[in-house]
Each structure stands twice: as C-alpha cells, then as structure tokens.
4 protein chains.
Amino acid sequence: MSDRRARRKQQLLEAAKAVFEEKGYVAATVDDIVGRVDVARGTFYLYFDDKLAVFEALVESFMAALGQCIVSIDLTPGAPSPRDQLRANLRRVVELAVGDPAMVKIALSTAMGVDAGLDEKLSVFYGLLRQFMDETLETGQRLGIVRSGPRGPMLSIALGGMEGLLLDAVSGAVDSDVDELVESVMRFLESGLLDRPRA
Amino acid sequence: MSDRRARRKQQLLEAAKAVFEEKGYVAATVDDIVGRVDVARGTFYLYFDDKLAVFEALVESFMAALGQCIVSIDLTPGAPSPRDQLRANLRRVVELAVGDPAMVKIALSTAMGVDAGLDEKLSVFYGLLRQFMDETLETGQRLGIVRSGPRGPMLSIALGGMEGLLLDAVSGAVDSDVDELVESVMRFLESGLLDRPRA
Amino acid sequence: MSDRRARRKQQLLEAAKAVFEEKGYVAATVDDIVGRVDVARGTFYLYFDDKLAVFEALVESFMAALGQCIVSIDLTPGAPSPRDQLRANLRRVVELAVGDPAMVKIALSTAMGVDAGLDEKLSVFYGLLRQFMDETLETGQRLGIVRSGPRGPMLSIALGGMEGLLLDAVSGAVDSDVDELVESVMRFLESGLLDRPRA
Amino acid sequence: MSDRRARRKQQLLEAAKAVFEEKGYVAATVDDIVGRVDVARGTFYLYFDDKLAVFEALVESFMAALGQCIVSIDLTPGAPSPRDQLRANLRRVVELAVGDPAMVKIALSTAMGVDAGLDEKLSVFYGLLRQFMDETLETGQRLGIVRSGPRGPMLSIALGGMEGLLLDAVSGAVDSDVDELVESVMRFLESGLLDRPRA
DNA sequence: CATGAATGAGCCTTCATTCAT
DNA sequence: GATGAATGAAGGCTCATTCAT
C-alpha cells in the first residue's frame, strides 16, 4: 500500500529532522535516523537515495512553505494597507517558524556548506527572496512608504534581523509569542532601535 | 627557536583559516591544511592537539578581537555623545570584519553545530555579548536614548541584522565600504526601514 | 496451472540470460532480472532458490545442449567417414552457439570464478568433454586419422580455438556464417595455419 | 624512504594477485589483500586509489610484458627464418605465462566484465594484438608462408588456442614444459590436428 | 500465486591521529 | 623538530533474501 510507504517516509523525515537538529548534518548518521524509527539501515535507502537526499527534502519543503508565506503587496485600491499586508506576511513567516523550530535551526544554522548542490539551491532561494524583497522595497520607496537610500544594506539587515529573531525565538532566548515577535519586527522596521534622534 | 615555532604556528593557522573558509570545518582535512604550508601531516600535531584545536584557536582569537572592538558607553560629562560612541563601536566591528572576511564566514556560517565543546564556547561568547548589549540598551532606555519596550527581541534583531550585513558584505552581496556599512546600520537603528508611519 | 508456472519460469530464465550477458553474473541483480519481466522481487524466489540457481539452470541447460551436439564417431562400416562425422559434430556445435550468442558469452566469459559450486560443475563438464574428446582422438590416432603425439596440448589448443572462434563469432569480430565457421575449423584441424613446411 | 614504499607496494601487488587468482576480482575483498600482508586496511589506500586500481595495475603490467614478448617478423635477408622468429615469439609468450601462472588465470579468466574502463583497455589491447597478428599473417600469406583464405577465423582460432593451452598449462591440465608447449603450438600451426587428408 | 517492504550482513572508503625513524 | 607510513574506527551504501499481507 502506498499509504504504508507514505507513513514510513514521513517517519523517516521526522526522525531525520530531529537528528539533524541535534547533531547537525555531518555528525548525523543514517544509523541515528533509522534507530529512531526502529527500522533497519537498508530501509532508509528504500525511501531516500542517500543521506543528502533526506536533508534536501527537509530543507526544500521548508523553503517551499516559506515561499508560500510571502505574497506580493497588493496595491489595488481597497486592498489592506501595505503596512498591514507586510505585517500579515511577517505573521505567516513567524507562525511557520514557531510551528517548526527544528527546521528553523536546521535551515538557518546547518544548511549552508553541507553540499555544493544544496548550497546552490539555497543560494538561488535566498537570491530570489532577496530579489523579491528588493522589488517590494523599491515599490515602497516609490510610494514613500520605505525610506529612501541604498536598498542592499537594508535588505541584509532586515533579513539577517529576521533570522536572528527567529533563531532566538525557537531556541528560547526570546519569548516565542507570535504577536509579540511580529510587533517587535514591525517596530524595528518602523522606528529602529534608538529613540527619535533629535533634529 | 621559539620564533620559528611561532611562525610555523601562524602559517598553519592561516592555512587552516583558508581551508575552513573554502570547505567548512567538517569537510576540511588536516591534509588540506598541511598541504598548503607544505609540511608533513605529523607536523600539524606538534602545534595543535587536534583538528578542533586550530578551529578553536581561530574562532577564539577572532572573538577576542571582536570583544576588543566593543567598549562600554562612557557617560561621564565631556565624553562624546552615546550615539557617537555607538557609532565608533560599530565602526571598529565593521572594520574588523571587512579586514578578515574569511573569519567572518567561518565564525558566522560554519561555527555552530560543529562540535559540542566549541558550541558551548560560542554560546558563552554570544551570551556575554548579548548580555553586555542588553545592559547597554538598558542604560540607553533609562537615558531615553533607546526606545522603550522589551529588549530581547530588539537584541536578537539587531545582532542578527549585524550578522546578516557583515556576511553579505564579505561575500560581496553588498558593497563593503566601511563608512557606508556603518551609516546603514546607524540609519536602521535610528529610523528602521519604513518611513515615518503617518499619524 | 503448471503451464503458467512453466511460462513464468521461462520468462525469468530469458530475462536472466539477457541480464547476465549485459552485466555479468556478479553485477547483475535480482532486481534487474525481475524488472525485465515486470514481476515483483519475491516472485523470483518462487521459481528459483537463489540467484545462483538461475545461473546454474542456464549454464547447465546450455551444457546439456552442447553435450547433445557431440556424438561418438561411428566406426561401423557403411557409416559416413570419420571426417564427415567430425564435421557434423562441429556444425551442430557451431549452430547451437550461433543460435544463442548470449549463452556463449555467458558460458565462455563469465562462468568461471563466479561461485565455487558452479566452478566445480563447470570443471566436471569440461573434464568430461575433454575426456570424451581425448578418447575420440585416441581412436583417431589408432586409425591413423589423427596425427600422433601427446594429445593433451592438442586438446587444449583445439578446445581453446573453438572457444575463441565462437566468442569472436557471437561478438561480431568474425563473420558468423555457419558454413564458413565450420570450414575454418576443419581447415585448421587439417592443415593448421602455416603452409606446408618445405622438406 | 621511497624504497620502503616500493617494497610495500610490491607486497600489496603480490598479495592482490594471489587473492584475485583464488577468489576472482569481485569476491576478493580489500581485507583479503591487506590480511595477507598483515597491514591495516587503510594502508591499502595509501598505495592504490581503490580495489580496481590494483587489478588494473596487475593486468596492465602483464599486458605490457606480453606486448614485449611479441616482435615483428624481420624479413631482411640474413635474418632467421620467419618460422624461427615465430617460434621465438611463441617461446617468449609461453615463458612469460609459465613464469606467472596466477596472472594467466587472472588475465584470461576473470579480467573481462570486471569494469567498463578496464574492459575498454583490454579490448584495445586485444584489438591491437589481433591487428598486429593480422598484418603478420597477411605478410605471411604474401610470402606463401601462411595458407591463404580469410584471416579472421584463423586469428580467432589461433589466439583462442593459445589461450586454451596456456590456461591448461598453468592449471596443470597439461604439462607445462616450455619446449613441449612451444612445439605443440608449432605443430598445430603447421599441420593442424588431423593427419594429412588424402588428396 | 504474487507482492514489495523490510532486513542486515558485508564491503569499500575516508581521515584523524600516532609513532618509529 | 620534522616526517610520512601506518593505523583502525566509523560510516555510507548495496543487494540477496525473507515474510506478512
């Protein structure tokens, strides 16, 4: 039954996720993974070509989910304000992250440098994300919603800031309440960290 | 001949830095390192206990340098404004990073998850950095220089943002002009990304 | 349903023959075989004890067929000349070989060294063949049809020569016209390769 | 010292030769090989890239030696008769074979089908050998030394016959006296197996 | 009869580390 | 100090074979 197969594959994916989170990709062994599901080593290879394949499956599906969270700002009259749409995007991303802490750690701390092929895919993904955000920012600048100035550093800081916040949230360094996280980011985007500089 | 020893050790450290940057800690082999210095494999072990030791030496010295960059805000009358002191701190960090791109990549992309012992040390370092910044922020809030509100998320975003910016700078995604990088961060801290929300 | 069984078994035998020819015994997998018949892996084991069993079945049936091709020289008066009987033997062997090129390749290139048990059986078969030929040669020598001298090397060369010719025929290195092959061998047996040595 | 290395490599080559002869390439394990020399498994990989590499080294050096045995027939006046030169070629080949029985078994029974790359090299070698012999035969035919007729089958039979004889010689099925082996082949080449057919 | 998921022994290969020279 | 040959633990992967359905 393909049902059985699907279940087994899911078990292996989850076991792999846990193992990768705990030990990192390289230290993780196929034995660790199958040990968690209590199946033989060979079984693993019935479902994945090799160790890298599970890792890729995990990261890619997470990246796909992340991609789903982010939708273009709708500028048609009657649509919610860009600010609210941005907040909605943020909220979806934060919810995704908070709902799958292990994947956040895996994707953000161990995914790069694991394999040339995967690195390439991740780079492409990050590149697309960055480009998408860049276009959004450009539109925002035209509309006077986003402060003017070179967008490159803004993007790097904003994306890095999100990564930092999410990582700290899932690792318990900051409270992982979705509303609070979203508002924190919004405040940072809106007013930065320092109080209004005089003049 | 302690001079000779020191030079050899330095050669090995630099070779290791280059190799770690190129291949990541795990994929890097002791052979790669000694091959660059054109020295026998056994020689490596005359200078370092094991592979992890070089890595730690590199990361720790970088962390130490980083620690030197950051000095407490001097509130005595007559000292430069806190804003200028913050900017000076930032500038030192950015200069350090831009001056040693390889270490930035190593410390920020491959350092975590490599080894339990190293992870611990890094955590401690990050924890101290975070705590120091937290106290700084607290002072800032008391003085009305830093916007009020929970500091945890602010810290996570700010530190993550710095990481993101520095990584993108050393990898060429954004221009690595020190002044521009410093000003970008300052603007982000001062006004965020979005323009003044109306009302 | 013993008919159905027989058909299935035949399908598997033919699939195995093709796979063994292409990849050799060791590289061939049970999966390759069942994949060709589009049958599940377990099914294979309903018809054969193990991988070696199919191989043996193939080789043994080929050896049996080969054995059928070779009949003792009939010396009764009125029988065809020994030369013609030899030619007839040869023709049957050549026809068998040309009609089943895959088995020729399998039996002559990959059969030895595969498995101790099979090696034993092959050795026995070759031994019997050799012994039979030896007796035939002896008779021939007594009748003055076969040149005198030690028969061992003659046998080795003649049998090896046949193998070489048949292998080259089925692999396309020499033309595989039955008549031509038979006559080539006859000429070799009758006059060797070199022209009449002078004096 | 490179001396030590050379000795070790030689030991491993000889151990590998023995193992390949006994078990065949595929059944042979690197463990079998190092076990014979009583070194650790890793040591093997200091001298050869992988299991295939030793095998290739063995086969190629044997093929090279074989190539050395065969020299073109010298037709200049005053040179020994072509027949004697042929005999000398034969003798060198036989001596090589008798002096290294294991390699004969390896090269003639297990070398094909082991690896695509090696197969290619062997095919090229056999092809060259065949072509060389073909040219020699052609010259012989022009000079009236070699019987006329299509050379393809003659070559297949002669080469196959040699293989058969050498294999049987090294495996003890026929006496391995060099002179006798050479003369057996010469007789076969000169007069075939059957006695002079009448008329 | 047929299926195909599961098993697990076994092999190849890598590489950090040691140590005799 | 320096060398580099040797070690051997460890892990990825394959595939013949079994067995519950």
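Quick caveat: nothing in here was measured; it's all calculated off a predicted structure. Just so it is clear: chains get the letters A, B, ... in the order the sequence lines come, proteins before strands, and each one is counted from 1.
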What's the [atom1]-[atom2] distance between [X] and [N], to the nearest Å?
{"X": "B:D3", "N": "F:dG1", "atom1": "CG", "atom2": "P", "result": "11 Å"}
{"X": "C:Y45", "N": "F:dC15", "atom1": "OH", "atom2": "P", "result": "12 Å"}
{"X": "B:R41", "N": "E:dT14", "atom1": "CZ", "atom2": "C1'", "result": "11 Å"}
{"X": "D:L46", "N": "F:dT3", "atom1": "CG", "atom2": "C1'", "result": "14 Å"}
{"X": "A:L12", "N": "E:dT7", "atom1": "CG", "atom2": "P", "result": "10 Å"}
{"X": "A:R7", "N": "E:dA6", "atom1": "CZ", "atom2": "P", "result": "10 Å"}
{"X": "A:R4", "N": "E:dT3", "atom1": "CZ", "atom2": "P", "result": "17 Å"}
{"X": "C:R5", "N": "E:dC1", "atom1": "CZ", "atom2": "C1'", "result": "9 Å"}

What orientation do B:F20 and B:Y25 show, parallel under 30°, tilted 30 to 60°, or perpendicular over 60°?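 Aromatic pair B:F20/B:Y25 classed tilted.
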Taking [X] for the side chain and [Y] for the main chain, is one N or O donor matched with an acceptor at less than 3.5 Å?
{"X": "A:S171", "Y": "A:L167", "answer": "yes"}
{"X": "D:K23", "Y": "D:A18", "answer": "no"}
{"X": "A:K51", "Y": "A:A28", "answer": "yes"}
{"X": "B:D100", "Y": "B:A97", "answer": "no"}

Which is true for C:Y47 with a 4.0 Å heavy-atom rule: it touches a base, it touches only sugar-phosphate, or it touches nothing? sugar-phosphate
How do B:A40 and A:D49 order along DNA chain F: which one's closest nucleotide is nearer the 5' end?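 Between the two, 5'-proximity favours B:A40.
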Does NZ or CZ of C:R8 come closer than 6.0 Å to the centre of the six-membered ring of C:Y47, within 45° of the ring's axis? no
Electrostatic pair A:D3:A:R7 at N-O distance under 4.0 angstrom: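 A:R7 and A:D3: salt-bridged.
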Answer yes or no: is there an ion pair linking C:R36 with C:E22, defined by an N-O contact shorter than 4.0 Å? yes
Tell me, which of residues 28-36 of chain B have any heavy atom that sits under 4.0 Å from an atom in DNA chain E?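 Close to the strand are B:A28, B:T29, B:V30.
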Take D:F44 and A:G42, find for each the nucleotide of DNA chain E with the closest heavy atom, and name the residue whose nucleotide sits nearer the 5' end. A:G42
If pairs are Watson-Crick or G-U with both distances under 3.5 Å, what is the dot-bracket string of DNA chain E, marking crossing pairs with [ ] and pairs to another strand with |? .||||||||||||||||||||
Which value, rounded to the nearest 0.5 Å, describes the distance between C:L66 atom CG and C:E60 atom CD?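 Spacing of CG (C:L66) from CD (C:E60) equals 13.5 Å.
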Look at A:R8 and E:dA6 and indicate whether a side-chain polar atom (N or O) is within less than 4.0 Å of OP1 or OP2. yes
